[in-house]
Protein chains: 4
Amino acid sequence: MEQSGFPEDRRTQILEAAAAVLGEKGYERATMKEIAAHAGIAPGTIYLYFKNKRELLLAIADALITQQVDQALAEATQDTAGYIAAVLRDRIRFARENQAFLQALVAEIWTDRELRERFFTQIIGPVLASGAQYLQAQVAADRLRPCRVEIVVTAVAGSIVILSALRALMPEQLLPGISDDELVEELTRLYLYGLLPRPEKP
Amino acid sequence: MEQSGFPEDRRTQILEAAAAVLGEKGYERATMKEIAAHAGIAPGTIYLYFKNKRELLLAIADALITQQVDQALAEATQDTAGYIAAVLRDRIRFARENQAFLQALVAEIWTDRELRERFFTQIIGPVLASGAQYLQAQVAADRLRPCRVEIVVTAVAGSIVILSALRALMPEQLLPGISDDELVEELTRLYLYGLLPRPEKP
Amino acid sequence: MEQSGFPEDRRTQILEAAAAVLGEKGYERATMKEIAAHAGIAPGTIYLYFKNKRELLLAIADALITQQVDQALAEATQDTAGYIAAVLRDRIRFARENQAFLQALVAEIWTDRELRERFFTQIIGPVLASGAQYLQAQVAADRLRPCRVEIVVTAVAGSIVILSALRALMPEQLLPGISDDELVEELTRLYLYGLLPRPEKP
Amino acid sequence: MEQSGFPEDRRTQILEAAAAVLGEKGYERATMKEIAAHAGIAPGTIYLYFKNKRELLLAIADALITQQVDQALAEATQDTAGYIAAVLRDRIRFARENQAFLQALVAEIWTDRELRERFFTQIIGPVLASGAQYLQAQVAADRLRPCRVEIVVTAVAGSIVILSALRALMPEQLLPGISDDELVEELTRLYLYGLLPRPEKP
DNA sequence: GATGAATGAGTGTTCATTCAT
DNA sequence: CATGAATGAACACTCATTCAT
């Protein structure tokens, strides 16, 4: 029916339909029939591109992983405040742009060990490591106070994930009327102040 | 088979079995038969106490909600640092104690609008509001710097949730070898410094 | 619906329905739905007694194997002609009584290696071995001429199988109007004469 | 892709691929895709030469039927022992040469009435009739004892079919280490002695 | 003629739910 | 109250067949 101009688009078309349906329904409640309908094709067609339902899920994970972060590395020249803001902004945008994919994945990551480890190793881990490394360098240069960078980085990442996720899931309830920019600004201040060198011990 | 002394304990018995199985398998992958087996009863018996599988899930949510937070209200007399640490410690403990229930719920909250709103309104909302109120009072008393307290509170809550969740799901990978106390201490410092009044504008 | 008096009859009931349907349609063309309908139950019920379609097939094989031959061993006291006739008669009766089961199996044995080896080892093999042993004893006692007993026994068994099978499958065409008794008589004569000691070498 | 020099060879090419795949997998388990792959063509192409999967099967039957037996008719001049040996040898060779075709067919013949009747009428029937006719002539000439030739001929044919089939299917188990020649020799002796005129009644 | 992507009906199987005991 | 055998709707997946290229 709904033909796409390029032959390889079909895969993408299915992937996007799957992300949309999985994101809304979760893995188990999403049916191949519905995914097919959402993509405007017949159920059997999906199996020409993906071996089974699970592979479709893993393909979504891979799609996310491969388009992964060139990161705000270039921004490392900025000052500390600028770097934190840049990372926050970048991650919030990433979450927004891949909302359907992420929403589809998170639910499964929560219950599926294999997916969890795959995702953690390939996405979360590197991001946290990169952040920790940056912080550690700033601490070494006395631009930030000494701290356990792994904990800080994880906490910061956690804030962002939760804020991005819940703002996507419940825009009416979570911080309604507050823009991404306001969010970034406030968080930047919170974490920057939290990490700047301090004259005296508390 | 396995009779309980009190007639109403049966409900609790089922609820706990359900939380255990749902927590491990997720809602869809958990079967009534397995929940029954886990509780040492017959599948049919569950239906004498819960109308259907979904009600069982909602009952788990309710069980969490009702045993909810007397909060660190009593601790409000402490200084600010003590309050933040107390809240962090309390929430981390709550997550640990109800791990199975929470794990079961979160996956569903993620995909189920009704459950999400119920949970947000009854659990998340009040907690955030209470925290925001406390912070606001501290700001008014000049013990903390002015800030958008809703954002800060949500960010702090997000850190805790993510840290607790991932530490439960992936103890080997997320901050291995770091104790809860170390975590609380580091986070307290981060957020306290992030919020203390500052002499000059940055 | 169609309740049986004894609780364990349900398994047998399914097994017989399966044998009937498989016998008529073959394994692949037989559907669980049809087997269920033939047994007067719902499709799902079959899975309470058999793990899957293949197990149902294997259970048919086992049913055949267990009700196996006490053989014409008692008849070993008879003279050679009587023995041969007794075995022929017994095997033809066996084929007739288990026609549906056998027909179902043979088709699968033809294409399925596992089933083939199982059936050969447990049914065919022992039968042939027993026959070969008897013949060998008769040869040793000079009541039959020397011969390669394995070949003879296999040939005799082959005749019977084919004759029984085709007479069941095509009663109109294969030896119509000839009774089992006539068959047994003629075959007995053929093989007895074929095996009796001979005065001179040909 | 793989073009054949002559346009009509394509049909044969498909037929042989089909026989190979059907022989190994059986009718239902063989897929058109696999048959096509085995023939080095696209699935759609098969439908240019055969209306559907079933016609492909029937065409295999026809292929067998047409290349049918010029029979050991020429050998009728031999003595009786020579004739029997010649027929046995010829049939065993036929089974070996057409093993894939035959294996594919037999499974279907077993379950498919139409195919069965077609095959019986066109292949089995004539062979048996020819054999019966020969035997009858020998009996009339007092070179063989009087007997029910239809039964004898069917029994002999049955032996051969079973022996050929099982030796093809289970070479390790059925009469391993015995050559076709030994088989023919032993069977010839068995049936010849079984049929030679006898001086006295047993 | 030849292709092979697309189809969708039909399969085996699962499991929430019921109800006779 | 409790049971657990029975149900049957719904699912993932397969594959013979078609048809635009």
Side-chain angles (χ1 to χ4, degrees), chain A residues 1-4 7 10-11 27-37 39-56, chain B residues 1-4 7 10 27-37 40-56, chain C residues 1-4 7 10-11 27-37 39-56, chain D residues 1-4 7 10 27-37 40-56:
Chain A
M1 318 240 158
E2 197 172 309
Q3 297 294 355
S4 49
R10 189 47 62 98
R11 221 189 105 96
Y27 181 75
E28 298 287 348
R29 273 191 285 266
T31 71
M32 296 302 266
K33 207 173 167 186
E34 187 177 0
I35 293 171
I41 59 176
T45 304
I46 299 177
Y47 291 86
L48 299 178
Y49 297 89
F50 302 93
K51 222 179 88 206
N52 53 38
K53 195 182 177 184
R54 177 135 242 274
E55 289 300 321
L56 193 47
Chain B
M1 318 246 154
E2 197 173 308
Q3 296 296 353
S4 52
R10 188 50 60 97
Y27 180 75
E28 297 288 346
R29 278 190 279 264
T31 71
M32 295 301 266
K33 204 173 170 188
E34 186 177 1
I35 293 171
I41 59 174
T45 305
I46 297 177
Y47 289 84
L48 299 176
Y49 296 88
F50 302 92
K51 222 180 88 206
N52 54 38
K53 196 181 177 186
R54 175 135 246 270
E55 290 300 320
L56 193 48
Chain C
M1 320 241 156
E2 197 172 307
Q3 297 296 353
S4 50
R10 187 50 60 100
R11 221 189 104 96
Y27 181 74
E28 298 286 349
R29 274 190 283 266
T31 70
M32 295 302 266
K33 206 172 168 186
E34 187 178 359
I35 293 172
I41 59 175
T45 304
I46 298 176
Y47 290 86
L48 298 179
Y49 297 88
F50 302 93
K51 222 180 88 208
N52 53 40
K53 194 181 178 186
R54 178 134 240 274
E55 290 299 320
L56 194 47
Chain D
M1 317 241 155
E2 196 173 308
Q3 296 296 353
S4 51
R10 191 49 62 98
Y27 181 74
E28 297 287 347
R29 279 190 277 263
T31 70
M32 295 300 267
K33 203 174 169 188
E34 187 177 0
I35 294 171
I41 59 174
T45 306
I46 298 178
Y47 290 84
L48 298 177
Y49 296 88
F50 302 93
K51 219 180 91 208
N52 53 37
K53 194 181 178 185
R54 175 134 244 271
E55 290 300 320
L56 192 49

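Lettering of chains follows the sequences in order, A, B, ..., and the numbering in each one begins at 1.
- Atoms NZ (B/Lys51) and C1' (E/dA16) sit 14 Å apart, rounded to a whole Å.
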Mind running side chain to side chain contact (heavy atoms under 4.5 Å, CB included) on B/Leu48 and B/Arg10 for me, showing each step along the way? CA-CA 10 Å; B/Leu48 299 176; B/Arg10 188 50 60 97; over 6 Å; no
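- If you check every strand for non-hydrogen atoms under 4.0 Å, D/Thr45 touches a base.
- For F/dA5, neither phosphate oxygen OP1 nor OP2 lies less than 4.0 angstrom from any side-chain nitrogen or oxygen of C/Tyr49.
- Contact check for D/Met32 versus D/Phe50: no side-chain heavy atoms found under the 4.5 Å cut-off.
- As rounded to whole Å, 17 Å separates atom P of F/dA5 from atom CE of B/Met32.
- Contacts of B/Ala30 with the nucleic acid, taken as non-hydrogen atoms under 4.0 Å apart, involve only primed sugar atoms and P, OP1 or OP2.
- When the P atom of F/dT17 is taken as reference, atom CD1 of D/Ile35 falls 11 Å away, rounded to whole Å.
- The shortest distance between the side-chain N/O atoms of C/Arg10 and the OP1/OP2 oxygens of F/dA6 is below 4.0 Å.
- Two residues are said to be in side-chain contact when any heavy atoms from C-beta on lie closer than 4.5 Å; A/Tyr27 and A/Lys53 meet this criterion.
- Counting any heavy atom pair closer than 4.0 Å across all strands shown, C/Ala36 reaches no nucleic acid atom.
- Comparing C/Lys53 and D/Pro43 by the nucleotide of DNA chain E whose heavy atom lies nearest to each, the residue mapping closer to the 5' end is D/Pro43.
- Phosphate contact (OP1/OP2 of F/dC11, side-chain N/O of A/Arg29, threshold under 4.0 Å): absent.
- Base pairing of F/dT21: its partner is E/dA2, meeting the Watson-Crick or G-U wobble criterion (both donor-acceptor distances under 3.5 Å).
- Contact annotation: C/Tyr47 side-chain N/O to E/dT14 OP1/OP2 distance is not under 4.0 Å.
- Here OG1 of D/Thr31 is found 7.5 Å from NZ of D/Lys33. Values are rounded to the nearest 0.5 Å.
- Both A/Ile46 and C/Gly44 sit near DNA chain E, but only A/Ile46 has its closest nucleotide nearer the 5' end.
- When the C1' atom of E/dA16 is taken as reference, atom CD of B/Glu34 falls 14 Å away, rounded to whole Å.
- Comparing A/Asn52 and B/Leu48, the nucleotide of DNA chain F nearest to each residue sits closer to the 5' end for B/Leu48.
- When the P atom of E/dA2 is taken as reference, atom CZ of D/Phe50 falls 13 Å away, rounded to whole Å.
- Shortest non-hydrogen contact noted between A/Ala42 and A/Ala36 is C-CB, 3.8 Å.
- Between F/dC15 and D/Lys33, no contact under 4.0 Å exists linking OP1 or OP2 to a side-chain N or O.
- If you measure from atom CD of D/Glu28 to atom P of E/dG10, you get 14 Å, rounded to the nearest angstrom.
- If you take OH of B/Tyr27 and P of E/dC15, they are 13 Å apart, rounded to a whole angstrom.
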